[in-house]
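Heads up: the structure comes next, in C-alpha cells.
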Amino acid sequence: MTSYRSPFLKLLSERGYINQISDPEGLDKLALEGPVTAYIGFDATGPSLHVGHMMGIMMLRRLQQAGHRPIVLMGGGTTKVGDPSGKDEARQLLTDEIIGANIASIKKVFESFLTFGNGPTDAVMVNNAEWLDELKYIPLLRDIGRHFSVNRMLTFDSVKLRLERDQPLSFLEFNYMILQAYDFAELAKTRGVRLQMGGSDQWGNIVNGIDLGRRLHGIELYGLTCPLLTTASGAKMGKTAQGAVWLNEDMLSAYDFWQYWRNVEDDDVVKFLKLFTDIPLGEIDALAAGDINEAKKRLATEVTALVRGRDAAEQAAETARKTFEEGALAENLPGVTVASSDLSAGIGVLTAFVTAGLVGSTSDARRQVKAGGLKVNDVAVSDERAVLKPSDLTPEGVIKLSLGKKRHVLLRPK
RNA sequence: GGGGGAAUGUCCCGAGCGGCAAAGGGGGCGGACUGUAAAUCCGCUGGCUAUGCCUUCGCAGGUUCGAGUCCUGCUUCCCCCA
C-alpha cells in the first residue's frame with residue numbers, strides 16, 4: 001500500500017500524513033482522473049485554531065498543491081451539538097453568538113495556507129449551519145435516521161468509551177455522528193465532494209458519512225485520516241506552559257510562536273519539517289544530517305513564515321538570535337507598556353512581573369524570586385520588595401523582565 | 001418507587017480518627033546539568049496591602065470552642081432491587 005500512483009497520495013504518504021484510507025486503490029484512481037474535491041471540518045469551540053489543528057490544515061494545503069480542490073467546513077452547526085470523540089465528558093454548550101464570533105475569528109488563518117477563489121482548484125469555505133440549522137426533526141429522522149442502526153452506533157469508539165467508563169453521553173452528543181455524516185452526504189450532493197479527511201479520531205464519523213452518501217445519493221465517497229500527533233515523548237501537540245499554541249496572531253506573538261517550534265524535541269524535528277513546512281524532502285534529509293539546532297531554527301522560521309508571513313518569521317528569528325546567541329537586548333521581544341508616571345512613582349517588582357504576564361500572581365512571583373527565576377535586565381531579583389524606577393531603564397528606554405532563561409518581556413514606559 | 005455508594009485544592013487523579021491551606025501522584029513552573037532538546041536530580045505548585053489576614057473540600061442549613069470530617073435537606077452521577 002506504499003506505492004500510490006497519484007501525486008496527491010504519494011505526497012501525503014511520503015510526508016507522513018496517512019493513517020488510514022477507506023479504499024486506497026479507489027481513491028488513488030480517483031485522484032488520477034482529475035481534480036478531487038475534499039473537505040475537513042473544523043469545530044468552532046474557540047476563537048482561534050491551534051497547532052493541533054495544523055495537520056488538517058496542511059492536508060488541505062497538500063491537496064491543493066496536488067491540483068485538487070479543498071473545502072474548509074466550519075462547524076457552525078455541529079459545534080452546537082458537541083463532538084463526543086475523545087472526550088470524557090460533555091463540553092459546555094456554546095451560544096450562537098460565541099460560535100459566530102469564533103468562526104469569524106478563525107476564518108482568516110486559512111488564507112495563509114490556501115488559495116481561495118472560484119477557480120477549479122480554489123479553496124472554498126462553507127459553514128454547516130447553512131443546512132443543519134434548518135433541518136426539521138421528523139423529516140431528519142425519516143430520511144437520515146432510518147439509515148443509522150443504533151446497534152452499530154453503540155460500537156463506535158466515541159460512544160463505547162463513554163459507556164464503558166460509565167460516563168454519561170447525552171442524546172444530543174449521540175446525534176453528533178449523524179450530523180457529521182449528513183454533512184458529508186450533503187457536501188457530496190451539492191458541492192461534488194468525494195473525500196473527507198480528518199484526524200484518526202474522526203474515522204468513525206467519516207465512515208458513517210461514506211455509508212450515508214452511498215445510501216442516500218448512491219455516491220461513492222472516500223475517507224482519509226492522519227495520525228493523531230503527539231510529541232516524541234508522548235505529550236499532546238500544541239500545549240505549552242501558557243496554554244495552547246494559537247495560530248491567530250492576536251492570541252500569540254510571532255516570537256512566541258517561533259519559540260514553540262524552536263523548542264520541539266530532537267526526535268520530532270524531521271517529522272515536523274515534513275508535515276508543517278514545504279521544504280523538499282531531499283533538503284529535509286540534508287537538514288537532518290546536519291546540526292540539529294540549525295534544523296530546529298529552520299523549522300521554526302518556515303512554519304512561522306507559513307502561518308504569520310515571512311517578515312514576521314524573519315523578525316522572530318532575528319529577535320531570538322540577538323536574545324539567545326548574543327545575549328543582547330532585542331527590541332522586538334514581546335512587550336507591555338506602563339504609564340511613565342507609574343514608573344516615576346515606582347513599580348514593585350512583583351507587580352511588574354504580574355503586569356508583564358510572566359507570572360500569574362504576586363504570590364507566584366514571590367515563589368519565583370525564592371527559586372531564582374526572575375531577572376530584571378538580566379540581573380536576578382533577590383529582594384521581592386525591590387521597586388522599579390526610571391533609573392532601571394536601559395539605554396534603549398525599556399526594562400527587560402525575564403522568567404527563567406527563555407521567557408522575556410520588555411516593559412515600556414509611555 | 002425502594003436500598004446502597006460517590007462528589008476534595010477552578011489542570012487531572014486521589015488520601016483524608018472533629019484542630020487542615022488539607023497526604024501522595026501526574027501535569028506545570030523554577031533551579032542544576034546541557035544545546036533555547038530529551039533524560040536525570042533538586043525546589044515550588046490557593047490569594048493578598050504578608051512574621052499576619054482572607055478564601056477553598058457538590059449546594060444550603062445545623063451540632064460544636066472548632067467541620068472536608070458529625071446531623072438534616074437539596075442537586076448531580078453511579079450501582080442493586082422493583
Side-chain angles (χ1 to χ4, degrees), chain A residues 46 50 86-92 162-171 173 230-245 253 255-273 287-288 290-301 303-304 316-328 330 333-334 345-376 378-387 400-409:
Chain A
H50 52 76
K87 293 180 190 65
D88 279 353
E89 43 190 64
R91 208 196 299 255
Q92 234 185 345
R162 292 277 188 90
L163 296 181
E164 279 171 2
R165 303 173 79 179
D166 287 336
Q167 305 275 10
L169 174 75
S170 70
F171 184 67
E173 296 173 282
T230 52
T231 67
S233 54
K236 267 188 193 148
M237 269 292 284
K239 295 285 182 185
T240 68
Q242 311 313 307
V245 180
S253 72
Y255 171 78
D256 286 325
F257 188 82
W258 192 94
Q259 282 297 322
Y260 172 76
W261 295 99
R262 174 63 182 83
N263 284 301
V264 298
E265 295 172 31
D266 287 6
D267 294 344
D268 286 326
V269 177
V270 170
K271 181 167 79 181
F272 289 174
L273 282 167
L287 284 168
D291 182 354
I292 185 80
N293 279 312
E294 290 308 312
K296 281 188 192 178
K297 288 179 207 166
R298 185 70 195 285
L299 171 70
T301 302
V303 180
T304 307
E318 177 58 15
T319 301
R321 195 187 64 75
K322 276 189 190 156
T323 305
F324 289 97
E325 294 177 27
E326 287 180 14
L333 282 171
I347 301 173
V349 255
L350 303 179
T351 313
F353 276 89
V354 174
T355 311
L358 288 170
V359 294
S361 65
T362 57
S363 299
D364 193 10
R366 263 175 240 270
R367 281 181 220 118
Q368 293 297 353
V369 168
K370 286 200 188 82
L374 299 187
K375 293 198 194 81
V376 172
D378 298 316
V379 178
V381 177
S382 54
D383 178 11
E384 58 184 46
R385 268 182 280 196
V387 172
K400 182 183 180 188
L401 303 181
S402 311
L403 168 66
K405 293 191 199 70
K406 294 186 193 172
R407 311 203 46 231
H408 312 282
V409 170

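By convention in this document, chain letters (A, B, ...) are assigned in the order of the sequence lines, proteins followed by strands, and residues within each chain are numbered from 1.
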What I'd like to find out is whether the side chain of [X] reaches to under 4.5 Å of the side chain of [Y], using heavy atoms alone.
| X | Y | answer |
| --- | --- | --- |
| A:F257 | A:V303 | yes |
| A:L299 | A:V264 | yes |
| A:V349 | A:D383 | no |

Task: Selection from B:C29, B:C48, B:U45 that lies nearest to any side-chain heavy atom of A:S361 - done: B:C48
Could you pull out the closest heavy-atom pair between [X] and [Y], with the gap in Å?
| X | Y | result |
| --- | --- | --- |
| A:L358 | A:L401 | CD1-O, 3.7 Å |
| A:V269 | A:I292 | CG2-CD1, 4.0 Å |
| A:L374 | A:A365 | CD1-O, 3.6 Å |
| A:K375 | A:F353 | O-CZ, 3.3 Å |

- [ ] Give a yes or no answer on whether the side chain of A:T351 reaches the backbone of A:I347 with a donor-acceptor pair at less than 3.5 Å.
- [x] no
Task: Most 5' of A:G372 and A:T351 on RNA chain B, judged by nearest nucleotide - done: A:G372
Whole-Å gap separating [atom2] ([N]) and [atom1] ([X]):
| X | N | atom1 | atom2 | result |
| --- | --- | --- | --- | --- |
| A:Q368 | B:C42 | CD | P | 19 Å |
| A:L350 | B:C48 | CG | P | 10 Å |
| A:E265 | B:U40 | CD | C1' | 15 Å |
| A:R367 | B:C42 | CZ | P | 21 Å |

- [ ] Mind jotting down which residue pairs meet the salt bridge (charged side-chain N to carboxylate O under 4.0 Å, His left out) criterion with at least one end in residues 357-366 of chain A? Sequence neighbours excluded, please.
- [x] A:D364-A:R367, A:R366-A:E384
Expressed as a whole number of Å, how far does the [atom1] atom of [N] sit from that of [M]?
| N | M | atom1 | result |
| --- | --- | --- | --- |
| B:G24 | B:U34 | C1' | 31 Å |
| B:G14 | B:U8 | C1' | 9 Å |
| B:A6 | B:C59 | C1' | 15 Å |
| B:C11 | B:C29 | C1' | 13 Å |
| B:A82 | B:C13 | P | 34 Å |
| B:G68 | B:U56 | P | 10 Å |
| B:G16 | B:A7 | P | 10 Å |
| B:C57 | B:A67 | P | 13 Å |

Anything under 3.5 Å between a protein N or O and an N or O of nucleotides 34-36 of chain B, put it in a table, one pair a line.
unit_1 : atom_1 : unit_2 : atom_2 : d
B:G35  : O6     : A:D266 : OD2    : 3.2
B:G35  : N1     : A:D266 : OD1    : 3.4
B:G35  : N1     : A:D266 : OD2    : 2.7
B:G35  : N2     : A:D266 : OD1    : 2.8
B:G35  : N2     : A:N293 : OD1    : 3.2
B:G35  : N2     : A:K296 : NZ     : 3.0
B:G35  : N3     : A:N293 : OD1    : 3.4
B:G35  : N3     : A:N293 : ND2    : 3.1
B:U36  : O3'    : A:K406 : NZ     : 3.3
B:U36  : O2'    : A:N263 : OD1    : 2.5
B:U36  : O2     : A:Q259 : OE1    : 2.7
B:U36  : O2     : A:N263 : OD1    : 3.4
B:U36  : O2     : A:N263 : ND2    : 3.2
B:U36  : N3     : A:Q259 : OE1    : 3.2
B:U36  : N3     : A:Q259 : NE2    : 3.4

Counting Watson-Crick and G-U wobble pairs only, both distances under 3.5 Å, name the nucleotide matched with [N], or none.
| N | result |
| --- | --- |
| B:A50 | none |
| B:G1 | B:C81 |
| B:A7 | B:U75 |
| B:A21 | none |
| B:G30 | B:C42 |

Open item on the list: Tell me whether A:D266 is salt-bridged to A:K296, with the criterion being a basic N under 4.0 Å from an acidic carboxylate O.
Closed with: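 Yes, this pair counts.
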- [ ] Report the glycosidic orientation of B:C53: syn if within 90° of 0, anti in every other case.
- [x] anti
Give me, pair by pair, the N or O atoms of the protein and of nucleotides 50-53 of chain B that are less than 3.5 Å apart, along with how far apart they are.
unit_1 : atom_1 : unit_2 : atom_2 : d
B:A50  : N7     : A:R366 : NH2    : 3.2
B:A50  : N6     : A:S363 : OG     : 3.3
B:A50  : N6     : A:R366 : NE     : 2.4
B:A50  : N6     : A:R366 : NH2    : 3.1
B:A50  : N1     : A:R366 : NE     : 3.0

